[in-house]
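Inspection log for the structure reproduced underneath, given as structure tokens.
Letters go in sequence order (proteins before strands), and every chain restarts at 1.
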Protein chains: 2
Amino acid sequence: MTSKGKIYSRDPGAMRCLSCHLNSLCLSADLPLEEMAQVSDIVRPAVTLGKREVLRSQGAAFDSLFIVRTGSLKQVVVTDSDEYLVTAFYLPAELIGLDAIAQCVFPGTFVALETTTVCEIPFDLLDQLCDLSTVVRRRCQQCLSHEIFDERLKLHLLLCRTAEVRLACFFEAVSERFRLRGYSPHHFRLALSRSDIASYLGLTPETVGRVLVSYQRQSLLIAHGSEYRILDLEGLKSLAAANGRRHRHREA
Amino acid sequence: MTSKGKIYSRDPGAMRCLSCHLNSLCLSADLPLEEMAQVSDIVRPAVTLGKREVLRSQGAAFDSLFIVRTGSLKQVVVTDSDEYLVTAFYLPAELIGLDAIAQCVFPGTFVALETTTVCEIPFDLLDQLCDLSTVVRRRCQQCLSHEIFDERLKLHLLLCRTAEVRLACFFEAVSERFRLRGYSPHHFRLALSRSDIASYLGLTPETVGRVLVSYQRQSLLIAHGSEYRILDLEGLKSLAAANGRRHRHREA
DNA sequence: CGACCCATTGAGAGCATTCAACGCGTGTGG
DNA sequence: CCACACGCGTTGAATGCTCTCAATGGGTCG
């Protein structure tokens, strides 16, 4: 398709990644300088999205991966039976579009939850880069594999959990994601609505609300709109770990 | 580590893949002859496992991917809170170990559900092959990406489903997996126990049993031990699609 | 300022779990 | 070869969690 030659000419905007505050978390994390420069070169300048603006629609041809710089997005899948399902959400430095590679089509719609900027990485260029650099290829592989395991285990755990435990797991994970990105793990704004959280966890908005109230009564966390303040992270963690329910299996 | 040269010398056992009955489904599917030969060369002769025998244990160093030739296996994860969770199972031609790549450790124990044979693909060799062949690399990428999306959507769907619908989804998916592999989609043996199925779906064995009885009363499917006969696949599918429950969202 | 969406609260119903008991088949050890 | 233990599958009754439905108030957008 596209000509294969010379995909990285050192242009003025290059080395963008090096100076980016997310540098250490991104796709380019831990890459040697040379490779990081190569990745830098194929990254398009950041795009800004307004709240509720769509980055890519479900079914659109897969052209690029994206990395969140600021703000956040959710992935919404509309199923055959016209259900509206929030299947993922993305915070700064997180990679969008990995699930589109196989089918060459975006499996869901990506919607900005607030004013958001994203870097675009054209996939055909990244693909060429993978051919040239083993390090980059491995890094991509790692990102892919990491998501598989992460998702699988978490979702399987949630399947047999009560609402109270599901939310504890959710906030524990979110808090950790913020912490890794250098934000406070105890106090953050999460632009997902209660309905979004409910959809993501397979609950109803009412139940989510009720559990939040019960958390507040237990002095675990306080929710004010989209502001969340975790008072007792350890308490939340033990709630999340407490195998919230049933199933007394033994080893194989 | 290992020397990079000449990883594919045409040895007598080569072209194994070409003559394998699973050829068209496997990792090697759709590869040009030359690449298929290369993959063939790094595949180790099939290993046989007895029932309940462990292929790799949770936490073991990641060394190889495996492909099921005959039989089946389950992946069991023991969580921090000592829960025993069935997170995946594998039928012939399916790829084991993709979720181990990121952490370089197997995230769960792989147990044979019956007498089973698997092909082993040493990962360091496959990795080298990816460096040499774009086609192989893309194919690996595809396998990885496919799992992400598949799992995510299915599990999120299950989260807000009743037991009746969860099992319908389960059998629809299993039937399809058998069909793709050339077996009857209507009649198959599934070596997973009721407890395994329950764990996989986040239910209790009792509930699984009760739903199976209700299916039988509705003439949807008949279960005799590990033999399953689907009488009304369409009925099962519509049950699975019927958004088994709640949540009336609108588009974004 | 009105429409609409989101969040919250309450009451009732339904579904799945829990707990308990039983029959069956298999594998083990005497 | 047989007895027994054990895991698996099944069934029943009761509890409890979460959904459903409904109504209200607050915030936002047009």
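The interatomic distance linking Tyr84(B) (OH) with dC8(D) (P) rounds to 8 Å, in whole Å. Rounded to a whole Å, the CD atom of Glu206(B) is 9 Å from the C1' atom of dC19(C). The distance from atom CZ of Arg161(A) to atom P of dT17(C) is 13 Å, rounded to the nearest whole Å. For the pair Leu212(B) CG and dT11(D) P, the computed distance is 10 Å after rounding to whole Å. Here the P atom of nucleotide dC29(D) and the CZ atom of Arg52(A) are 7 Å apart, to the nearest Å. Following rounding to the nearest Å, Leu203(B) (CG) and dG9(D) (P) show an atom-to-atom distance of 14 Å.
No engagement by Val208(A) is indicated, since no non-hydrogen atom pair under 4.0 Å with the nucleic acid exists. When heavy atoms are screened at a 4.0 angstrom cut-off, Thr207(B) is found touching base atoms of the nucleic acid.
Close to dT18(D), at under 4.0 Å from its OP1 or OP2, lies no side-chain N or O of Thr204(A). Here Arg194(A) reaches the OP1 or OP2 of dT8(C): one of its side-chain N or O atoms lies under 4.0 Å away.
Counted within 6.0 Å of CZ on Arg189(B), heavy atoms from surrounding residues, nucleotides or ligands total more than 12; the atom is thus considered enclosed.
The side chain of Thr162(B) has dC15(C) as its nearest neighbour among dC15(C), dT9(C), dC6(C). Nearest to the side-chain atoms of Val213(A) among the listed nucleotides dT17(C), dC19(C), dT9(C) stands dT9(C). Across dT18(D), dA16(C), dT9(C), the shortest atom-to-atom separation from the side chain of Ala163(A) is found for dT18(D).
In summary, of the residues considered (Phe188(A), Tyr215(A), Phe178(A)), a side-chain contact (heavy atoms from CB on, under 4.5 Å) with Tyr228(A) occurs for Phe188(A) alone.
Side-chain atoms of Arg210(B) stay outside donor-acceptor range of the base of dG9(D), with no qualifying N/O pair under 3.5 Å.
For Arg56(A) and Glu120(A), the salt-bridge test passes: some basic side-chain N is under 4.0 Å from an acidic carboxylate O.
Judged purely by atom type and a 3.5 angstrom limit, Thr117(B) has no side-chain atom pairing as donor or acceptor with the backbone of Thr48(B).
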